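Only one structure is covered here, and it is reproduced in the block below.
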Amino acid sequence: MSASAPAPRRGAPITDIASLRADFPGLHQQVRGKPLAYLDNAASSQCPVPVLDAMLRQQKMNHANVHRGVHELSSRATDAYEGARERIRAYINAASGTEIVYTRGTTESINLVASSLGGSLLGAGDEVLVTEMEHHSNIVPWQLVCERTGARLVPAPITERGELDVDAFERLLTERTRIVAVGHVSNALGTINPLRELIDKAHAAGAVVLVDGAQAMPHMRVDVRALDCDFYAFSGHKMYAPTGIGVLYGRETLLDRMPPYQGGGEMILTVSFDRSVWNSLPYKFEAGTPNVTGAVALGAAVDYLGGIDFDAVTEHERALLDYASERLLELDGARIIGTARHKAGVLSFVLGSIHAHDLGTIVDREGVAIRTGHHCAMPVMERFGVPATARASFALYNSREDVDRLAAGLRKALEIFA
Ligand code: C6P
């Protein structure tokens, strides 16, 4: 282990999820004179102490550029950076570290694939199949490459519950479908897609599959080989690491034949004015000085998550979601947007005719943080005929008390707008 690697949790997996609250200093503060109830985890989750410690240690004692220096600090930084890559690889069960590309986050991961693979694979008449529940990050990069190549973006419909219409998805898969880009968990609805089934169908049709895993990683253990996906994109800041770091998992055979996404230092072996030779994987896709501290922190976050029993997390978050749904539906005019049978910790809702932004502002005065708006999923809003929703989203550290505080805040909003 490198000098700067955080100590992984040892012993039996943590099953007492409530006890983990103490690990998150950000939760223990007053906001607007009230204790914070942080329910905006789908936007960004708080960092636990081991992640914060790893960041501080990296910046304080091991700060240097990676892969470039022969001096001690550079070699420590490189060890920490590469050590984190190996732990992330193991965490998602990728076959090799060459398949783990550091990026700024899910958005950059998807842009990388859309631009590099899409740009070389797609041609006029080809199709990219997405779903109506995608985040803009899994729509717009494909639109850009479709414009460039003459390919077409095809959205598979979702049902009234906010589930993917799998029959329609299958009908839309044709010999023209070259790429399927699908979210694992919807940020606006909470729907968990039947991923393995969709991947098998897409592969049977000869398509390459990219999964947007931004909202799945904090809620479940993801095994990219068990899923058999070709690409899996995720962000550190939704899984207890900081912003500015994420990962693109890619099947080595595909990454190998894809052209670089960005040019610069690190992604080359040799450069002359006639031609340059690309570096090996994954460095071919990591141009420029990377976010070393972010990578180290993400390594610490997967160590942290690796020490937790995910069955307990799922049960805890499921119980919270059920409780929050019940409390919400006690309120006049409450409507939940997204009632899929399989949901992760997202509760999107409207309350009568009160605008979502007003709800967000009123509960914020009570110390409750939720997100309001279209959640970068405008097609979802259009599908359900609402301009915006309020969204409470749960992490493993949330409690029933947080939900009660939200319900009380929403009652206040109802009184104000009565
Ligand atoms: N969703 C939310 O509040 P970045 O910004 O690259 O880390 O992640 C983008 C992204 C991609 N896919 C899904 C499913 C997402 O939920 C997000 C980010 C945040 O819902 C911010 S819009």
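If you read the sequence from its start, that first residue is 1, and numbering goes on from there. Given the structure is predicted, the values throughout are model-derived calculations rather than measurements. Both ligands and their constituent atoms are indexed starting at 1 by order of listing.
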Under 3.5 Å: N/O of Glu108 near N/O of ligand 1: no
Sub-3.5 Å N/O-N/O distance, Ser137 and ligand 1: no
Proximity flag Asp212 to ligand 1, non-hydrogen atoms under 4.0 Å: yes
Heavy-atom gap Ala42 to ligand 1 smaller than 4.0 Å: yes
Side-chain donor-acceptor pair present, Thr293, Gln58, cut-off under 3.5 Å: no
What atoms in ligand 1 come closer than 4.0 Å to a heavy atom of [X]?
{"X": "Ser235", "answer": "4 (P), 6 (O), 7 (O), 8 (O)"}
{"X": "Cys376", "answer": "22 (S)"}
{"X": "Ala214", "answer": "11 (C), 12 (N), 13 (C), 15 (C)"}

Shortest reach to atom 19 (C) of ligand 1 by a heavy atom, considering only Lys238, His135, His237, Arg104: Lys238
Option of least heavy-atom distance to atom 22 (S) of ligand 1 (set: Arg371, His136, His184, His375): Arg371
Chi angles and distances behind the ring pair (Phe, Tyr, Trp, His ring centres under 6.0 Å) call for Phe285, Tyr261: CA-CA 6 Å; Phe285 294 109; Tyr261 169 55; 8.0 Å; no
Assess whether a salt bridge exists between [X] and [Y], defined as any Lys/Arg side-chain N lying under 4.0 Å from an Asp/Glu carboxylate O.
{"X": "Arg327", "Y": "Asp322", "answer": "no"}
{"X": "Arg21", "Y": "Glu401", "answer": "no"}
{"X": "Asp228", "Y": "Arg251", "answer": "yes"}
{"X": "Arg176", "Y": "Asp126", "answer": "no"}

Criterion side-chain hydrogen bond (donor to acceptor under 3.5 Å, both in side chains) on His342 and Glu163, from CA distance to verdict: CA-CA 9 Å; His342 299 290; Glu163 292 173 342; over 6 Å; no
Proximity to ligand 1 by part of Thr107, non-hydrogen separation under 4.0 Å: both
Residue portion contacting ligand 1 (non-hydrogen atoms closer than 4.0 Å) for Arg391: side chain
Arg76 to Tyr81, cation-pi by 6.0 Å centre distance and 45° axis angle: no
Heavy atom of the protein closest to atom 16 (O) of ligand 1 (residue, atom name, distance): Gln215 NE2, 2.7 Å
